[in-house]
Peer 1: 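Shown below is the structure under consideration.
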Amino acid sequence: MTVIDILTRVDSICKKYDKYDVDKQREANVSGDDAFARLYGAFETQIETALEKAELVTKEKNRASAVAMNAEIRRTKARLSEEVPKLQRLAVKRVKGLTTEELAARNDLVLALPARIDAIPDGTAGGPKATNAWAPSTASRPDIKFDSDGRFDDDYFQESHESSQFRQEYEMRKIKQEQGLDMISEGLDALKNMASDMNEELDRQVPLMDEIDSKVDRATSDLKNTNVRLKDTVNQLRSSRNFCIDIVLLCIVLGIAAYLYNVLK
Amino acid sequence: MSSDPEKMMSKADKMTKLTLTRWSADWRGATELYEQAANGFRASSKYEKAKVALEKASKGQEMQSSPWDAAKHMESAAALAQKLSIWNEVADFYRKASELYVECGRAQPASDALGKAARALEEVKPEDAIQLYTDACEILEEDGRDQMAFDLYRACASVYIKLEKFADAATFFLRLGVAADKCDATNSQCKAYLSAIIVYLYGHDLKQAEKCYNDCSQIDAFLKSDQNRTASRLLTAYNEGDIEEIKKVACSSTVNNLDHAIIKLARKLPTGDVTAVQMNAGDDLDEDDLT
């Protein structure tokens with residue numbers, strides 16, 4: 001094991017057992033009777049934790065958790081700012097075993113506290129600066145508060161010109177869209193009507209088609225029968241026996257005619 | 001065989017008359033001659049004579065127990081009568097033809113014949129036309145072919161509208177609805193109901209229209225349809241006396257899909273009585289408030 005390892009291990013063990021170190025505790029609690037010092041100590045720890053949290057926020061990637069942490073920091077800041085007057089009152093109190101210089105020093109410390117509290121970053125970094133910038137103007141004219149609002153109005157008019165243009169354009173586009181949608185809906189109504197009429201017409205024609213089907217079937221079977229019979233008849237007519245008989249009889253008739261012709265000539 | 005139709009006619013007549021030498025009429029020959037004579041007359045545009053020839057031919061076919069041919073001849077005779085504008089003969093011939101068709105057991109041509117008759121008589125004798133249409137529809141319904149009856153119902157209702165008998169027209173539309181219901185033709189059914197409501201409104205009969213609407217709302221198919229929404233919009237507009245809304249509904253696409261006659265009625269709808277309805281409603285309220 002290296003020396004550095006040994007040192008770090010010793011440090012951590014000491015820290016762990018610090019609470020059993022009576023002397024150190026007594027030192028830390030030397031101001032145990034002093035309410036101011038206790039409260040001030042608590043303040044310091046809280047400010048430090050808030051600063052640590054602020055550091056974590058800057059490293060935080062998840063915006064939701066960053067926002068949550070910022071909110072917590074702001075809450076802590078608000079609480080601390082509330083307690084500052086209490087601390088101020090305690091600071092003025094005289095405690096035994098305290099010199100006048102230390103008293104003055106405490107006052108200064110308390111006065112510096114609000115600034116330190118505000119300095120903790122909580123996601124609205126520009127805020128304190130803006131309020132600082134405004135502070136002198138309001139301080140200089142505390143009675144005419146509405147003027148600053150008036151100044152706001154100027155700024156507002158500046159922006160609202162653009163925003164009113166934007167709004168106008170938005171309204172026009174919305175109207176055009178509504179017109180287009182109206183036309184589409186009319187077309188769709190016509191289509192729907194035509195489609196349902198077509199549907200009914202087709203329904204109407206289904207039984208007719210069935211009838212046609214059966215009738216045509218009957219007609220085809222009749223035709224087939226007729227064709228077969230016709231074929232038989234024609235075959236019979238064209239049979240060679242009938243042919244020969246026809247030729248023979250024809251010859252006989254011609255012979256008789258020739259004979260008669262000869263006789264009559 | 002002489003090609004002169006007159007001669008053929010006289011010959012055929014002789015064939016059918018029973019005399020001492022002829023104990024039974026030769027219908028077959030006579031019929032043939034009659035048919036040829038009719039063709040000849042038609043070719044020479046002697047429609048009156050052709051009509052007579054066709055009548056006799058039809059009689060001959062009937063005697064020969066072929067009602068189909070008889071009916072066909074009757075129809076041609078009726079068409080000629082229509083050309084000659086002899087209206088009662090038109091009706092009679094078509095009726096006879098339809099009866100013969102029914103004898104053959106063919107309902108469709110029978111109702112077609114009556115439909116043709118009705119169409120011919122629409123302008124001239126609308127009441128007869130209506131009667132013919134109704135008979136045609138009955139024939140089809142008896143045969144179970146309701147779908148073919150739709151057009152007839154619609155035509156009949158339009159005749160009623162022309163006669164300004166709005167209650168009857170609406171009744172016919174409702175009959176159309178019944179027929180459509182039997183065939184599950186929901187679109188036609190809903191259109192029929194909407195047309196009936198519009199007809200009632202045109203006849204200044206708001207209460208009837210509302211009753212009709214309530215009746216029709218009990219039918220599922222109508223309840224779920226576009227026509228239902230249009231009807232309810234129309235009736236609420238009427239109840240509120242809102243003329244603009246009525247006009248808007250009348251020009252909507254649902255109404256434009258109905259029959260032509262109905263569209264015309266719908267366009268004229270706010271017939272000046274709307275304000276009266278509104279005022280009446282207002283008066284009633286005032287009286288109630290005072291008492």
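Order of the sequence lines sets the chain letters (A, B, ...), proteins ahead of strands, with each chain counted from 1.
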Peer 1: Does either side chain, that of A/Y170 or that of A/Q165, offer a donor lying less than 3.5 Å from an acceptor on the other one?
Peer 2: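 Their side chains do not contain a donor-acceptor pair, so the 3.5 Å distance test is not met.
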Peer 1: With a 4.5 angstrom heavy-atom cut-off, which part of A/N199 approaches chain B: side chain, backbone, both or neither?
Peer 2: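 Neither; nothing under 4.5 Å.
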Peer 1: Under a 4.5 Å heavy-atom cut-off, does chain A meet the side chain of B/T186, its backbone, both or neither?
Peer 2: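 Just its backbone gets close to chain A.
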Peer 1: Is it the side chain or the backbone of A/E211 that comes within 4.5 Å of chain B heavy atoms, both, or neither?
Peer 2: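 For A/E211, side-chain heavy atoms alone lie under 4.5 Å from chain B.
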Peer 1: Is the B/Y160 to B/F172 ring centre distance short of 6.0 Å?
Peer 2: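 They qualify: ring centres under 6.0 Å apart.
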Peer 1: Do B/D69 and B/K72 meet the salt-bridge criterion of a basic N to acidic O distance under 4.0 Å?
Peer 2: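 Result for this pair is no, no salt bridge flagged.
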Peer 1: Could B/R95 and B/D135 be called an ion pair, given the rule that one side-chain N must be under 4.0 Å from one carboxylate O?
Peer 2: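 The answer is yes: the pair qualifies as a salt bridge.
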